[in-house]
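Throughout, protein chains are lettered first and strands after them, A, B, ... in sequence-line order, and every chain is numbered starting at 1.
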Amino acid sequence: MSSEHVSALEITIGSLHLEIHQSILVWLCICVAGAIFFYVAGKYIDKQDPEKAPKGIVYISEEIYNLVIYTIGLNLREKTMHYLPIFGTVMLLMCASNLVGLLGVQNPTSNISFNATLAITVWLMIQTHGITKHGAWARFKELCEPFPLLLPLNIIGEMALPLSLTMRLFGNILAGVVISLLIYTLIKMILPWGFLMYAVTPFLHMYFDIFSGVIQTYIFFTLASFFLGEQVAPQED
Amino acid sequence: MEFNEFFVKGMACLGAGLAMIAGLGPGIGQGFAAGKGAEAVGRNPDASTKIQSIMVMGIALAETTGIYALIIAILLIFVKG
């Protein structure tokens, strides 16, 4: 793709050579910034008078809280408050990491191992919480649902969940990066004045970075909470 | 005909072009979903925001198989040649 060297952190201890890619370093910075934000917001929320209308950082925190409840509330019916911390935190940090590509650094979700980590973590959480709630034998019987002959197909269907979550997130962000690179190269080749490209690229970034990044975050967590809600808070009908 | 690296490069690019035939599916599916969404809003204009959010989510989910094809095509062009 691009032949420019992307900066990374290289650690050499004896014969062990480790290279940390730039997207992981950006993710560490986002985590530190998120930790500072949550700590400061907590201090302000403690001092807030419940009678008066919130403003500033307390208002932003309330809107984030309402957004997360709107995403996962319908799927995890009575266990929403139990799973709110993990889904809320990871949702905010993933949204921030999708939008950080606007600053010109490599965003963490363009790294496939990062997306795979998130998807496999969510999948393991779904499986273990389902097994601890109902027991391993009931989970196995659930996989043999209409006929026991369909057991291999049901297992493959379960395996398809982390794969599709990874590929959907990675593919959308990668498509944005590749198309932006191609259009930048094309404009540099055919237009005489380079500054004419500033008329075209805001729309590109508006669609691929902002719109696509936020929608993919919403879809990732809607699907994750839907499958978790099927295991943990099943609908009795 | 000798099978050297130019052959591999050419075949990889040909395969990438064939993989993107799968771009047909999401185009038809998402257009159908948008049409049904427009029809539903026409029938019940008060529920417009709810219908819009459900439609956008359905469209982004139907795009998944097109993205799978895009990943295979990019992998073939940039890794195999």
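Residues of residues 18-29 of chain B having a heavy atom under 4.5 Å from any heavy atom of chain A: none. Among the residues in residues 113-127 of chain A, none has a non-hydrogen atom closer than 4.5 angstrom to a non-hydrogen atom of chain B. Of all residues in residues 204-221 of chain A, those placing a non-hydrogen atom less than 4.5 angstrom from a non-hydrogen atom of chain B are A/Ile215, A/Gln216, A/Tyr218, A/Ile219. Below 4.5 Å, heavy atoms of chain A meet heavy atoms from B/Ser53, B/Val56, B/Met57, B/Ala60, B/Leu61, B/Thr64, B/Ile67, B/Tyr68, all part of residues 52-69 of chain B.
Other residues, nucleotides and ligands contribute at most 12 non-hydrogen atoms within 6.0 Å of the CG atom of A/Leu74. Counting non-hydrogen atoms of neighbouring residues, nucleotides and ligands closer than 6.0 angstrom, the CG atom of A/Leu28 exceeds 12 such neighbours. The 12-atom threshold is exceeded at NZ of A/Lys133, counting heavy atoms of other residues, nucleotides or ligands nearer than 6.0 Å.
How far CD1 of B/Ile71 is from CG of A/Leu174: 6.5 Å, rounded to the nearest 0.5 Å.
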